[in-house]
Amino acid sequence: YPMRLPLLALAVSAFAIGTTEFVVMGLLPQMAGDLGVSIPSAGLLVSGYALGVVIGGPLLAMATAKLPRKAVLLVLMGIFVLGNVLCALAPNYETLMVARVIASLAHGSFFGAGAVVARHIAPPGKGAQAIALMFTGLTVANILGVPLGTLLGQALGWRATFWAVVVLGVASLAIIARNVPNLHDLTAPQLRRGLRVLGEPQVLLALGMTVFGFGGIFTVFTYIVPILTSEAGLGEGAISLVLVLFGLGATAGTLLGGRLADWKLMPALIIALLVLCAFFVAFAAAMHVPALAVAGVFLIGLIGFVGGPGLQARSGQQAKDAPLLGSTLNQGAFNLGNAG
């Protein structure tokens, strides 16, 4: 089954990228103390990364448009490794912020290029499932990468976590080099044709669905710790275990979403967003009951991430002249939702 190893290579890379994006949340107090800044200032390291994805993704996608897709993936993972080496070595807060932005530049265009490659190597009618398999790397980062990275940082200092991400990045480079085929026919179109995509209403609608759909999920999920402690009355010690449930839900939702999107793309997206709206109304009423709040965290991941592969597939589809740029812009849209 020729698509398995290339998709595994993309999923391992997605795991590394997801870990570095979200692990800062688990290490905020430690990093703030070590760098001599407030916790809100340390929190801006997450926003800085997200905005780096929004701005850097399209720029790098256009800058690497003439290169074969495999070469693009290797260049982007190289930038990612460099950014994380600089994070691990950063002597102060300002340098760390710059290093975070460098690491983030590769994020959007890597998933954009990866989605195009995944769809190309998938059998007919399985494109969204292939994209979903790559994205499970990102959701598994929430199950394993972030909790383990947090434990490692607590035991050996936050810099050790970034060194571990560097090792993951180097491993990803090796796996991509070995297993992703040379797809010479997949170079992107000229810059002007790519930019024309931004004026197409269907592309902007697809990106808007991503911004607001995922913005809604992260509006709630950003405050999930205070919801669990002050509303549901859970102890701090239980939080990391409950957050693993979110990662499990997100992984199951992503895989299910890939199948639904290959079945009927728009009906699947509309149903997923309607169910999400109904769920959040119920969650607001039930969050003070501990068992329901814990189940709710799993369901935020499951229902919330069902739409992910479909949104990614639709933005690539609507940007017919420049599917790579459409895919990359959608990653920016996810992160714009997060930052908002």
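Here the structure is a predicted model, which is why all the values come from computation and not from measurement.
- Using modelled atom types, no side-chain atom of R100 and backbone atom of S47 make a donor-acceptor pair closer than 3.5 Å.
- Between V203 and S315 the shortest side-chain heavy-atom distance does not fall below 4.5 Å.
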Open item on the list: Under the criterion side-chain contact (heavy atoms from CB on, under 4.5 Å), I'd like the reasoning laid out for V294 against L234: C-alpha separation, chi angles, the key distance, then a yes or no.
Closed with: CA-CA 9 Å; V294 170; L234 295 186; 3.8 Å; yes
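- Using a 4.5 Å cut-off between side-chain heavy atoms of Ile, Leu, Val, Met, Phe, Trp and Tyr, with links allowed through other members, L299 and V220 fall into the same hydrophobic cluster.
- Ring planes of F279 and F283: parallel class, angle under 30° (limits at 30 and 60°).
- For the pair L73 and L10, the minimum side-chain heavy-atom distance is below 4.5 Å.
- Closest approach of F110 to S13, counting heavy atoms only: CZ-CB, 3.3 Å.
- W163 places a side-chain heavy atom less than 4.5 Å from the side chain of V85.
- Shown here for A141 and G18, the closest heavy-atom pair between the two residues is CB-C, 3.7 Å.
- Using a 4.5 Å cut-off on side-chain heavy atoms (C-beta onward), F298 and V242 make no contact.
- With a 4.5 Å cut-off on side-chain heavy atoms, L96 and M31 count as touching.
- Using a 4.5 Å heavy-atom threshold, the side chains of I79 and L82 count as separate.
- Residues L311 and F218 fall within the same hydrophobic cluster, defined by Ile, Leu, Val, Met, Phe, Trp and Tyr side chains chained together at heavy-atom separations under 4.5 Å.
- Atom CZ in F135 sits 12.0 Å away from atom CG in L7 (nearest 0.5 Å).
- No donor-acceptor distance shorter than 3.5 angstrom exists from the side chain of S230 to the backbone of I227, with no hydrogens or angles considered.
- Between V146 and V23, the shortest heavy-atom distance links the atoms O-CG2, 3.9 Å.
- Nearest heavy-atom pair, A9 versus V180, reported as atom, atom and distance to 0.1 Å: CB-CG2, 4.1 Å.
- For the atom pair Q312 CD and T210 OG1, the distance stands at 7.5 Å (nearest 0.5 Å).
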Task: side-chain contact (heavy atoms from CB on, under 4.5 Å) assessment of V24 paired with W158 - done: CA-CA 9 Å; V24 170; W158 61 268; over 6 Å; no
TODO: Decide side-chain contact (heavy atoms from CB on, under 4.5 Å) for L148 and T19; before the verdict, give the C-alpha distance in whole Å, the side-chain angles of both, and the deciding distance to 0.1 Å.
DONE: CA-CA 9 Å; L148 290 176; T19 300; over 6 Å; no
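- M266 CE to R314 CZ: the interatomic distance, rounded to the nearest 0.5 Å, is 4.5 Å.
- Proximity of a side-chain donor or acceptor of Y93 to a complementary backbone N or O of S41 within less than 3.5 Å is detected.
- With hydrogens and angles ignored, the 3.5 Å screen pairs no side-chain donor or acceptor of T20 with any backbone N or O of A16.
- The heavy-atom pair separating G52 from L105 by the smallest distance is O-CD2, 3.9 Å.
- Rounded to the nearest 0.5 Å, atoms CG (N335) and CG (N330) are 10.5 Å apart.
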TODO: Kindly indicate, with the supporting measurements, whether the criterion side-chain contact (heavy atoms from CB on, under 4.5 Å) is fulfilled by E200 and Q318.
DONE: CA-CA 8 Å; E200 290 175 18; Q318 295 304 317; 5.8 Å; no
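- Atom CG of L256 is separated from atom CD of Q129 by 10.0 Å, given to the nearest 0.5 angstrom.
- Using a 30° and 60° split on the angle between ring planes, F334 and F214 fall in the perpendicular class, above 60°.
- V170 places none of its side-chain heavy atoms less than 4.5 Å from the side chain of V167.
- Put simply, NZ on K70 and CG on N179 are 8.0 Å apart, with the number rounded to the nearest 0.5 Å.
- The nearest pair of heavy atoms linking A272 to I303 is O-CG2, 4.1 Å.
- V306 and M209 end up in different hydrophobic clusters when Ile, Leu, Val, Met, Phe, Trp and Tyr side chains are linked at under 4.5 Å.
- When side chains are defined from C-beta on, V117 does not count as touching P6, because their heavy atoms never get closer than 4.5 Å.
- A chain of hydrophobic side-chain contacts below 4.5 Å, direct or via other Ile, Leu, Val, Met, Phe, Trp or Tyr residues, connects L86 to M77.
- Side chain of T161 to main chain of G153: a donor-acceptor pair is present (N/O by atom type, distance under 3.5 Å, no hydrogens or angles).
- Cluster annotation: V297 and V275 are assigned to the same hydrophobic cluster (Ile/Leu/Val/Met/Phe/Trp/Tyr, side-chain heavy-atom contacts under 4.5 Å, transitive).
- Other residues, nucleotides and ligands place more than 12 heavy atoms under 6.0 Å from the CZ atom of R159.
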